[in-house]
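Written out below as structure tokens is the structure these notes cover.
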Protein chains: 2
Amino acid sequence: MNTNADNPIVSDLPDLPSGNGAGQALLTANATPAFSPLYQQIKTLILKSLQGGEWKPGDVIPSEQDLANRFKVSQGTVRKAIDELAADHLVVRRQGKGTFVATHAERHIQYRFLRLQPDAEQEMSAERHIVECRRLRASAEIARLLGLRSADSVVFVRRVLFFHGTPTILEDVWLPGTPFKGLTLEALSSDKGPMYAFFESEFGVRMVRADEKIKAVGASAEAASLLEIEQGHPLLNVERIAYTYNDVPMELRRGLYRTDSHHYKNELS
Amino acid sequence: MNTNADNPIVSDLPDLPSGNGAGQALLTANATPAFSPLYQQIKTLILKSLQGGEWKPGDVIPSEQDLANRFKVSQGTVRKAIDELAADHLVVRRQGKGTFVATHAERHIQYRFLRLQPDAEQEMSAERHIVECRRLRASAEIARLLGLRSADSVVFVRRVLFFHGTPTILEDVWLPGTPFKGLTLEALSSDKGPMYAFFESEFGVRMVRADEKIKAVGASAEAASLLEIEQGHPLLNVERIAYTYNDVPMELRRGLYRTDSHHYKNELS
DNA sequence: CAGTGGTCTAGACCACCAA
DNA sequence: TGGTGGTCTAGACCACTGC
């Protein structure tokens with residue numbers, strides 16, 4: 001419910017007088033509680049098309065002018081909506097070419113959520129080994145964090161990442177069973193490229209943002225063995241919840257990072 | 001050197017024909033290497049006024065219309081410049097009131113760079129204890145990170161932060177001696193409020209952004225004693241370089257965080 | 001060359017705030 | 001009531017890309 005109940009988007013009025021400055025303003029003069037600017041509504045509409053799969057990761061979306069015509073607003077208004085989507089990294093603008101749905105398959109955007117970096121300037125020659133991948137019933141806590149019911153089916157994946165031959169990251173991943181039906185160890189193992197790109201192409205699930213909680217812990221016997229360190233060795237414990245569009249949680253991940261010659265990099269602003 | 005060598009800002013031409021659409025565009029038709037849009041130049045000019053102290057933290061800056069008149073550009077162009085400054089948190093917009101220079105003294109922005117949070121929902125009842133504050137000569141590494149010469153004077157501060165009576169953070173801070181001349185343990189101890197707010201009001205130094213590198217380490221004997229834990233206890237080692245305007249490093253800080261009942265929170269997007 | 005995003009302007013009007 | 005930021009429009013022209 002907002003003030004703009006009968007603006008050109010929501011209504012089907014053929015045309016409003018153009019050139020009238022703040023078009024929607026005329027319709028919102030009477031005091032109303034929730035006021036949402038036009039460009040926010042446009043943003044929401046574009047977002048819905050992204051969720052709905054009208055345009056897939058990597059695709060071009062219609063030009064600003066096309067969208068302006070579709071929504072019966074000026075190009076500037078569409079522009080502001082897309083500006084925000086671009087700021088959220090949901091979309092990437094390329095001058096002269098168009099606006100594209102963001103994807104983890106992009107060379108430059110790859111591993112956008114992995115903040116572990118080598119202390120020195122070396123390359124990130126990474127190798128991956130899937131330890132296991134199996135279906136199981138969600139514990140109460142896993143279910144809660146993923147927005148499922150207890151005992152719902154989830155996929156569990158454990159893998160180890162090697163940098164320059166050194167096992168450096170041990171990751172446990174939990175995924176909701178339904179959207180990831182058919183995920184197998186073989187498919188995961190044979191895939192090259194970022195896991196999130198794999199999720200996009202194989203399951204149509206795009207991870208948009210994530211929250212991480214970091215602690216320092218001592219290595220358990222199991223972690224020590226997989227990471228080839230002694231038990232109790234200090235490790236970074238990184239707990240991540242990753243979200244798709246609309247803040248729907250779609251992945252729970254716990255990483256244990258060796259920080260002997262790497263560090264977690266964060267930029268504060 | 002850029003294309004806009006004779007635009008209204010740089011030149012003193014009294015007036016350009018107004019209403020000519022892309023005003024500067026006329027002046028940049030011939031192919032030139034570095035093209036910088038007008039609003040970027042405006043942003044730089046405003047930035048210079050911020051650095052120069054023309055407006056201090058907490059102050060209102062002139063209205064968009066005033067700045068537009070001063071720089072002889074349209075309000076929209078000034079607007080876009082300020083939009084970027086606001087996105088960088090250098091400035092805060094308040095509808096109906098004006099645009100203000102950001103400050104760490106703001107209730108809501110306080111502790112903006114401290115990402116440690118309680119696992120539970122409790123309050124952050126914090127107590128601080130300054131352990132020491134003395135002048136010393138910069139080691140080669142400290143000097144390099146702060147952009148000083150070896151053996152230049154630096155101020156060293158060590159403090160412990162308590163949450164609910166539990167010593168949780170041990171911080172070592174290095175500050176360049178010249179801008180922080182006159183900093184004493186007494187002044188630091190008697191001050192309430194965030195350290196960065198203190199730096200603003202007492203030394204005119206405003207921290208704008210920071211980089212952090214995080215590792216997991218075992219507590220040294222010294223750290224263990226100050227944080228009341230056993231030696232070897234896993235701690236988060238957070239190394240921070242904080243910058244003022246123009247990416248000038250102004251502080252080096254190493255924090256050791258206990259993460260028994262707290263975690264470092266990070267939002268990825 | 002046409003099409004796309006990017007910059008700039010000018011003007012109208014709204015929402016919010018303080019006096 | 002006047003001032004400030006915020007929204008919206010319309011139109012001109014630029015920079016970049018690809019046919």
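By convention in this document, chain letters (A, B, ...) are assigned in the order of the sequence lines, proteins followed by strands, and residues within each chain are numbered from 1.
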Less than 4.0 angstrom between a side-chain N/O of [X] and OP1 or OP2 of [N], yes or no?
X: R93(B); N: dG6(D); result: yes
X: T77(B); N: dT7(C); result: no
X: K97(A); N: dG5(C); result: no
X: R94(B); N: dT4(D); result: no

If I take atom [atom1] in residue [X] and atom [atom2] in nucleotide [N], what distance separates them, rounded to the nearest angstrom?
X: E84(A); N: dC8(D); atom1: CD; atom2: P; result: 11 Å
X: L67(B); N: dG3(D); atom1: CG; atom2: C1'; result: 15 Å
X: Q75(A); N: dA10(D); atom1: CD; atom2: P; result: 11 Å

Out of dC16(D), dT7(D), dA10(C), which nucleotide sits closest to the side chain of S74(B)?
->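 Looking only at side-chain atoms, S74(B) lies closest to dA10(C).
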
Return the 5'-most residue of the pair D83(A), G96(A) with respect to DNA chain C, ranking by each residue's nearest nucleotide.
->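 Between the two, 5'-proximity favours G96(A).
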
Check against ring-ring contact (aromatic ring centres under 6.0 Å, His included), F113(B) and H104(B) = CA-CA 10 Å; F113(B) 291 169; H104(B) 289 278; 5.6 Å; yes

Does the side chain of L90(A) reach to within under 4.5 Å of the side chain of Y245(A), using non-hydrogen atoms?
->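 When only atoms from C-beta onward are counted, Y245(A) and L90(A) do touch, with a gap below 4.5 Å.
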
Please examine the side chains of F163(B) and H262(B), heavy atoms only from C-beta on, and report whether any two atoms are closer than 4.5 Å.
->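 Touching, per the 4.5 Å side-chain cut-off.
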
Quick one: do D88(A) and K43(A) make a salt bridge, cutoff under 4.0 Å?
->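 Counted as a salt bridge, because a side-chain N and a carboxylate O are separated by less than 4.0 Å.
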
